[in-house]
Each structure stands twice: as C-alpha cells, then as structure tokens.
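Heads up: numbering here begins at 1 and tracks the sequence. Note that the coordinates shown come from a computational prediction; the quantities given were computed from them, not determined experimentally.
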Amino acid sequence: MSTKQKTLAVHAGTRLTGSKAVPVSPPISVSAVSWFDSSDDLDGALDGKDYAYARISAPNTTLLEEAVAALEGAESCVAYASGMAALRSLFEAQDFRPGDRLVMPADGYGVTRALYKKLCAALGVELHALKLTDAGTQARIRELKPRLVLAESISNPLLRVADLCGLAKACRDVGAAFAVDATFPSPMGQRVLELGADYAVQSTSKWLNGHSDALGGTVSGARSRIDVLRAARILAGDVLGPFEAWLTLRGLRTLPVRMKAHSEHAAHVARRLAESPLLERVIYPGLPSHPDHAVAREVLKDGGPMVSFEIRGAGRPEAMRFLEALKVGRPGPSLGDVCTLVMHAASASARRLTPEEREAAGIRESLIRVSVGLEDPDDVVEDLLQAVAQGVGR
C-alpha cells in the first residue's frame, strides 16, 4: 500500500486477518465473547492471537489501531475509551518510584495537569510544570533528569508551539521517555514520532473522529513500548467500545480533506480577527505575530485548525455574554467537529487549574479558544465579531 497519508486514511485498517472478504465499510462487531471448536484455537485467542473476549482485543478496535498507527508512522498503536484513559495508562507504564520526576506543560490542558498531580502525589513523584517553549526549558530537563516528559505539540488553550526536536534531544540525553499529545494538529499536521517523540498521544474524540459522536484515545509508538501499554489495558479494562471504534474509523477516512479545510479556514479567520480593534490579541501559529511562529514553520505542516484570542477589556461576565451571543459558532467544551466550537478557556479547558496556576500560565478571563469548523470562514469571523461586540456592549 502507498505510504502517502491521504491514501492511508482511506485504506488503512480495512482488512481483518484470516478473511478473504473485505467489506468497504467494516461491520460493527458487538459480541463481547467468541467461542471456538478447537481448544487450541481458544487457548491462542486468550493470548491475543484471535478474538475471544473484547477486553483482550476486538475487531473494530484492531482496525482503528492499525489505521492510526499508519497515519502516525508508528509500528503499533493501542486505543482506549478516552484520551484521559490513554494519558493515565501512559503514566502508569513508566514504573515510577518515589523521588522520580515528571515534566509537563505549565500552560497546557488543565485536566491532564489535575490527573498527573493526583497520580504523582499518590506515588511520591515530583511533578515539575514548566513552560516548554521557554528558552531555558531544555537545560532544565537535563538538570531534573525526569523519567517522563509530556509535551503538547500545540498547547491548550494558548496555542504555543514547542520545539519538539530540541525537547526530544534533551530527553534522550538524560534517558527520559518523551510523550507528545498531538491532538490539536492531528497526524495530518504533525507526525511527532518523526520529530523524536517516543509516544504520540491522540484524543480521538476530536479531529480523528471529527463529528463529536464518540470518545476515545490512542497512544502510538514503537511496538516494544506499545506492547507494555496493551498488556496493561487488558488488566485495567479501559477498552474502546465497538461503536466508538467504528465511528472514529469512519471519521478518520476523511481526515486529510477535513484538516486541510479546517486549517485553511482557521488561517483566514485569524487574519481577519487580527484586524479587529475589539480584540487585545489573536493567537494563531500561522501568524507572524505568534511568539513561536518560526518554530511552527519548522515542526508543523500549516498553522493548524485552532485560533485563540483575547477580548479587549473583558472579564468573565463579558466572556459569558459573548458565548450567549454566538449564532454560527457553538459554545462547547471540545474541538474537532465540522461545526465551529467556541470555548471560554478559564472556565472550560483550564477549569481544573487553580487561579494561581491559570495566572502563571497566562490564561486570562478574556481568553477564547475557537475550533474552526467547515462553515464559510467569513460567516465564522462575522459571527465571532458580532458576539464580541455584544459581549462588551459595543
């Protein structure tokens, strides 16, 4: 098969081993249990060689894992019931001991921070939250010698873009595992394993699914690393259901064309928003004004599908009025749908951060995050600006 991503998105993960029939749309296999005429076949299936019990392996999940691995350029992939389940499994696979260290973004997704704070506290692991785009971060990683470094390729919600190649080298220098949550750009915008990551993490609920109708998460990487995660998933049972796997695989088929359009629309929206005097600043990696624009041009294929901005003079009341005034965009705490989803960062993605953590990260009450949809981009811009005007009473 071709290794080009547009072809892989359509054809990877379509054929189950052992059958000559290849349905154009894979059937949904809902049976949790299978039986075998041969006890030897049953014995092998219980070791994962066939499908005996859905907690061990299941056809729809297998197809999705094969497709995601192909798009990520990975040897293997393991799927979970949610992106947070994937992140928890990744943490637990590192075999942390008291006194070990973990580095993660200080300005990233608040729920990931809350989860890792809890897990680290339970094991006596030191959690170091750093701004991974700061100039001294790579030296700090070499000084700390952590067991795991987790990065966000485009941070949530401030859209900072980390130098993944530099971070990967710092991790290699001290023997740290390097994981990257690459949900925002998707594999179409960035293949983080090629930039030195050991693990590529996706919340498949977002762009890979693309329609807000299925939760899920994946971790991709070298087979030796993913085998450890897969064995742990069998014990923990945080498996992806057949309907969710099928829906995600269906969405993945159109990922290349959707992401091209989403990113083109986001660039247009960002350029137009940047002209508005009602906004304090517009944050988009594709704009020359972005603090990491030069890095983004090196590590991303385009500016990405997300735009953030700060409403001039707004606090939380003005931000809430802005959300209520939207007519095209939908106020919702997620991203990656065909429709534009708009979120007040401090009360949604950063909700689990303390006020002090939000302040240190630079997440203000005026900050809005937009997952730009497939509507006419001028309609999106005009809707955002009219809602801003109503929010601040202009």
Side-chain angles (χ1 to χ4, degrees), residues 5 108-109 152-162 181-192 202-203 205-212 251 254-276 278-311 322-323 326-345 348-349 367-388:
Q5 282 187 302
Y109 185 36
E152 293 177 0
S153 55
I154 302 176
S155 72
N156 180 9
L158 289 164
L159 309 188
R160 297 300 302 268
V161 181
D181 184 335
T183 296
F184 272 23
S186 87
M188 303 313 303
Q190 187 183 58
R191 302 220 307 187
V192 299
Q202 297 285 340
S203 172
S205 320
K206 312 308 193 290
W207 300 112
L208 270 67
N209 168 266
H211 298 79
S212 297
T254 60
L255 184 67
V257 291
R258 282 191 290 108
M259 294 310 297
K260 183 176 185 295
H262 283 296
S263 295
E264 288 175 353
H265 288 195
H268 181 84
V269 168
R271 288 192 295 267
R272 283 203 54 193
L273 289 178
E275 299 170 354
S276 173
L278 296 176
L279 303 182
E280 186 72 31
R281 62 170 176 156
V282 175
I283 308 167
Y284 182 66
L287 292 178
S289 59
H290 191 281
D292 308 315
H293 180 64
V295 174
R297 293 185 65 180
E298 293 293 325
V299 300
L300 298 174
K301 293 180 182 177
D302 50 44
M306 306 293 297
V307 178
S308 292
F309 59 84
E310 291 180 335
I311 302 172
F322 157 79
L323 292 177
L326 291 167
K327 298 177 180 178
V328 175
R330 304 300 186 214
S334 191
L335 59 116
D337 199 283
V338 294
C339 74
T340 294
L341 294 173
V342 187
M343 184 200 75
H344 175 244
S349 68
L367 182 65
I368 303 296
R369 191 196 74 188
V370 182
S371 168
V372 181
L374 299 182
E375 305 96 340
D376 185 290
D378 286 316
D379 286 344
V380 174
V381 173
E382 288 158 16
D383 182 45
L384 292 170
L385 291 178
Q386 68 82 22
V388 168

Could you work out, with side chain to side chain contact (heavy atoms under 4.5 Å, CB included) as the rule, every residue matching V328, not counting sequence neighbours?
E375, D383
Partners of R272 by salt bridge (Lys or Arg N to Asp or Glu O under 4.0 Å), sequence neighbours excluded?
D378, E382
Please check this pair: side chain of Q5 against backbone of P187, looking for a donor-acceptor N/O pair closer than 3.5 Å.
yes
Across all chains, not counting sequence neighbours, the side chain to side chain donor-acceptor pair (under 3.5 Å) partners of S349 are none
I need the minimum non-hydrogen distance between F309 and L279, along with the two atoms involved.
CD1-CD2, 3.6 Å
Using a 3.5 Å distance criterion without hydrogens, assess whether the side chain of H265 forms a donor-acceptor pair with backbone atoms of V380.
no
Would you indicate whether the side-chain heavy atoms of H293 and L287 approach each other to under 4.5 Å?
no
If the condition is side chain to side chain contact (heavy atoms under 4.5 Å, CB included), which residues does A162 pass it with, not counting sequence neighbours?
T133, L164, L167
Candidates L367, I283, L335, V370 - the one meeting side chain to side chain contact (heavy atoms under 4.5 Å, CB included) with P157:
L367
Please enumerate all residues that pass side chain to side chain contact (heavy atoms under 4.5 Å, CB included) together with S203, with sequence neighbours excluded.
T183, S205, K206
Using salt bridge (Lys or Arg N to Asp or Glu O under 4.0 Å) as the criterion, list what pairs up with K301, not counting sequence neighbours.
none
Search all heavy atoms of S371 against all heavy atoms of W207 and return the closest pair with its distance.
OG-CH2, 3.4 Å
Side chain to side chain donor-acceptor pair (under 3.5 Å) partners for R271, two or more places apart
none
What residues form a side chain to side chain donor-acceptor pair (under 3.5 Å) with S153, not counting sequence neighbours?
Q190
For E298, the salt bridge (Lys or Arg N to Asp or Glu O under 4.0 Å) test, sequence neighbours excluded, returns none
Would you compute the distance between atom NE2 of H262 and atom CG of D302 and round it to the nearest 0.5 angstrom?
12.0 Å
Can you tell me if S308 uses its side chain to pair, donor with acceptor, with the backbone of L158 under 3.5 Å?
no
Suppose we screen for side chain to side chain donor-acceptor pair (under 3.5 Å). Which residues come up paired with R281, at least two apart in sequence or across chains?
E310
Starting at CD1 of I368, measure out to NE2 of H344 and round the result to the nearest 0.5 Å.
5.5 Å
Residues which pass salt bridge (Lys or Arg N to Asp or Glu O under 4.0 Å) with R160, listed by chain and number, not counting sequence neighbours:
D292
Any idea which heavy atoms bring Y284 and S263 closest together, and the distance?
OH-O, 3.4 Å
Candidate pair L273 and L385, rule side chain to side chain contact (heavy atoms under 4.5 Å, CB included), full reasoning:
CA-CA 8 Å; L273 289 178; L385 291 178; 3.7 Å; yes
A side-chain contact here means heavy atoms from C-beta on lying under 4.5 Å apart; do S276 and V388 qualify?
no
I'd like to know if the side chain of R369 and the backbone of P333 have a donor-acceptor N/O pair within less than 3.5 Å.
no
Can you list the residues that meet the side chain to side chain contact (heavy atoms under 4.5 Å, CB included) rule with S212, with sequence neighbours excluded?
D337, L341
